[in-house]
Amino acid sequence: LAGLERELPEAFAASPQRVIRCLVDGDSAHPMCSFIGDAAYSVLQLGHTAYLGNLKSPHTCVSIVGADAGGGDADTQTRVQNRKLFFSGFVVPFLFPELNLKYKYTGTTQLPVKAIRGDVDFAAAKLPTVQPNVDLGILALLVSYLNAKGGTIDSGAVTIRDNVASSTMTSSDLTAEWTKTYGPIFTSAVGLCRDLKPNDFAKLPAWLTNFIEGMEFKHYETLFGSSSTPEVDAIFTTMKKFRDAPDRTAVLTELQGLFAKVVF
């Protein structure tokens with residue numbers, strides 16, 4: 001987050017709404033100049049607060065390869081998709097429902113390219129977030145800022161994205177996956193919501209916030225390991241309904257019963 005937390009140049013310190021902070025992931029093949037041009041038009045000309053690269057855009061160019069070229073076999077891809085569903089399709093909409101319901105951002109939590117207007121004060125927020133969950137921290141602060149001061153989110157295609165279905169964070173070492181990547185991502189989400197939206201957080205069902213924040217390796221192994229069970233499959237089948245459900249509370253009630261059937 002160092003780039004987002006730097007003080008604005010003196011020439012722009014008095015006009016932060018005329019500044020954009022652009023971040024491009026090092027492993028992204030997105031043309032930097034193309035993105036900065038899109039972001040500048042969206043934020044400085046159209047007046048949006050942020051411009052995000054949307055991997056779900058129909059115009060995002062992707063290259064998907066098979067297991068023989070490093071893309072992962074069918075079982076690996078199922079694990080990848082279940083993890084995306086759990087986090088981007090469930091945990092984030094549960095903790096930050098405004099993101100898609102109010103601000104109409106329907107993209108992924110993974111943001112290979114992003115641009116945020118200069119008046120969103122990341123230094124003041126002191127986000128306790130480090131790689132690999134920087135994107136989550138950016139989205140969490142952005143939502144809390146928009147809730148307080150108003151504004152809009154714009155998004156567009158990621159023009160070059162190589163192998164969006166890649167298993168680069170999937171390996172045979174489940175322990176490393178959990179400790180180095182997904183453990184910090186999953187469990188820190190609850191703390192961000194608690195710190196940035198305390199009133200909203202107090203209204204969330206404790207059984208689920210406690211589960212997410214208290215997840216351990218045994219939970220990860222059961223949900224995303226190399227083998228599954230009918231009980232776990234039922235959880236993900238129901239979880240797919242959550243994001244677009246007209247009654248999310250009913251889906252949560254169903255999920256609570258399904259989680260109770262799983263032995264971790």
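In this text, all values refer to a predicted model and were calculated from it rather than measured experimentally.
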Engineer: Side chains of N100 and T106: donor-acceptor distance under 3.5 Å anywhere?
Structural biologist: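 Distance-only check fails for N100 and T106.
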Engineer: For the residue pair F86 and F90, categorise the inter-ring angle as parallel (less than 30°), tilted (30 to 60°) or perpendicular (more than 60°).
Structural biologist: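 Plane angle between 30° and 60°, so tilted.
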Engineer: For the residue pair K114 and D135, establish whether any side-chain heavy-atom pair is separated by less than 4.5 Å.
Structural biologist: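 They are in contact (side-chain heavy atoms under 4.5 Å apart), so the answer is yes.
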Engineer: What do the steps show when you test R83 against E177 for salt bridge (charged side-chain N to carboxylate O under 4.0 Å, His left out), and what is the final call?
Structural biologist: CA-CA 12 Å; R83 280 200 310 254; E177 283 183 19; 3.4 Å; yes
Engineer: Distance from K104 atom NZ to T152 atom OG1, nearest 0.5 Å?
Structural biologist: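 Separation between the atoms: 13.0 Å.
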Engineer: Working to the nearest 0.5 Å, report the span between OG1 of T253 and CD of Q256.
Structural biologist: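 T253 OG1 to Q256 CD: 6.5 Å, rounded to 0.5 Å.
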Engineer: Does the side chain of L196 come within less than 4.5 Å of F201's, by heavy atoms?
Structural biologist: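 Sidechains of L196 and F201: no contact.
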Engineer: What distance do L192 atom CG and L141 atom CG have between them, rounded to the nearest 0.5 Å?
Structural biologist: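 The CG atom of L192 sits 9.5 Å away from the CG atom of L141.
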Engineer: Is R21 close to L8 at the side-chain level, that is, under 4.5 Å between some pair of heavy atoms?
Structural biologist: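 Side chain of L8 against side chain of R21, heavy atoms only: contact under 4.5 Å found.
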Engineer: Please examine the side chains of I116 and I138, heavy atoms only from C-beta on, and report whether any two atoms are closer than 4.5 Å.
Structural biologist: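 Yes - at least one pair of side-chain heavy atoms lies under 4.5 Å apart.
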Engineer: Are R248 and F94 in a cation-pi contact, defined as NZ or CZ under 6.0 Å from the six-membered ring centre and within 45° of the axis?
Structural biologist: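 Geometry flag: not set, cation outside 6.0 Å or 45°.
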Engineer: Do you know which two heavy atoms are closest between V43 and H48, and how far apart they sit?
Structural biologist: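 In terms of heavy atoms, the two residues are closest at CG1-O, 3.3 Å.
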Engineer: Determine the minimum heavy-atom distance between P93 and F87, stating which atoms define it.
Structural biologist: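 Of all heavy-atom pairs spanning P93 and F87, the closest is CD-O, 4.0 Å.
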Engineer: Run through the side-chain heavy atoms of Ile, Leu, Val, Met, Phe, Trp and Tyr, join any pair under 4.5 Å, and report what else lands in Y41's cluster.
Structural biologist: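 Taking Ile, Leu, Val, Met, Phe, Trp and Tyr as members, Y41 shares its hydrophobic cluster with L46.
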Engineer: Does T238 reach the main-chain N or O of A234 with its side chain, forming a donor-acceptor pair under 3.5 Å?
Structural biologist: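 Answer holds: yes.
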Engineer: Taking the side chain as every heavy atom from C-beta outward, state whether V158 and N54 have any pair of such atoms under 4.5 Å apart.
Structural biologist: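 No, too far: nothing below the 4.5 Å cut-off.
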Engineer: To the closest 0.5 Å, what do you measure between NZ (K84) and CG (L55)?
Structural biologist: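 Separation between the atoms: 7.5 Å.
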Engineer: What's the shortest heavy-atom distance between E221 and L174, and which atoms?
Structural biologist: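 Heavy-atom minimum between the residues: CG-CD1, 4.0 Å.
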Engineer: Looking only at atom types and distance, does a side-chain atom of S15 sit under 3.5 Å from a main-chain N or O of Q17, one as donor and one as acceptor?
Structural biologist: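 Judged by distance alone, no pair lies under 3.5 Å.
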Engineer: Looking only at heavy atoms, which two atoms of P112 and G53 are closest? And how far apart?
Structural biologist: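 Taking every non-hydrogen atom into account, CD-O, 4.2 Å.
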Engineer: Looking only at heavy atoms, which two atoms of I235 and V262 are closest? And how far apart?
Structural biologist: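 Heavy-atom minimum between the residues: CD1-CG2, 3.5 Å.
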Engineer: Using a 3.5 Å distance criterion without hydrogens, assess whether the side chain of Y220 forms a donor-acceptor pair with backbone atoms of G225.
Structural biologist: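 Such a contact is absent between Y220 side chain and G225 backbone.
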Engineer: Could you tell me if the side chain of R6 sits less than 4.5 Å from the side chain of F122, heavy atoms only?
Structural biologist: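 Answer no - side chains too far apart.
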Engineer: Hey, does R194 have a side-chain heavy atom less than 4.5 Å from the side chain of E213?
Structural biologist: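 Yes; the side chains approach each other to less than 4.5 Å.
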Engineer: Could you check whether any side-chain N or O of Y51 sits under 3.5 Å from a backbone N or O of V113, counting only pairs where one atom can act as donor and the other as acceptor?
Structural biologist: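 Judged by distance alone, no pair lies under 3.5 Å.
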Engineer: For the CD atom of Q110 and the NZ atom of K56, what is their distance to the nearest 0.5 Å?
Structural biologist: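 Reported to 0.5 Å precision, the distance equals 11.5 Å.
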Engineer: For H219 and F211, I'd like to know if the aromatic rings sit close, meaning centre-to-centre distance below 6.0 Å.
Structural biologist: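 That pair passes the under 6.0 Å test.
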Engineer: Might you point out which heavy atoms bring L95 and V190 nearest each other, and give the distance in Å?
Structural biologist: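 Looking at all heavy atoms of both residues, the shortest contact is CD1-N, 3.8 Å.
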Engineer: Using modelled atom types and a 3.5 Å cut-off, is there a donor and acceptor pairing between side-chain atoms of T181 and backbone atoms of W178?
Structural biologist: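 Looks like no, no N/O pair under 3.5 Å.
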Engineer: Do Y105 and D154 get their side chains close enough for a donor-acceptor pair, meaning under 3.5 Å?
Structural biologist: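 Side-chain D/A pair, Y105 to D154: absent.
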Engineer: Can you tell me how far apart CD1 (I212) and CG (L204) are? Round to the nearest 0.5 Å.
Structural biologist: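 I212 atom CD1 to L204 atom CG measures 9.0 Å (nearest 0.5 Å).
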Engineer: Under the ring pair (Phe, Tyr, Trp, His ring centres under 6.0 Å) criterion, do F264 and F217 qualify, and how do the steps go?
Structural biologist: CA-CA 10 Å; F264 291 104; F217 174 69; over 10 Å; no
Engineer: If you define the side chain from C-beta out and look only at heavy atoms, does anything of F96 sit under 4.5 Å from C193?
Structural biologist: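 Answer yes - side chains close enough.
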Engineer: Taking the six-membered ring for Trp, are the ring centroids of F224 and F236 within less than 6.0 Å of each other?
Structural biologist: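 They qualify: ring centres under 6.0 Å apart.
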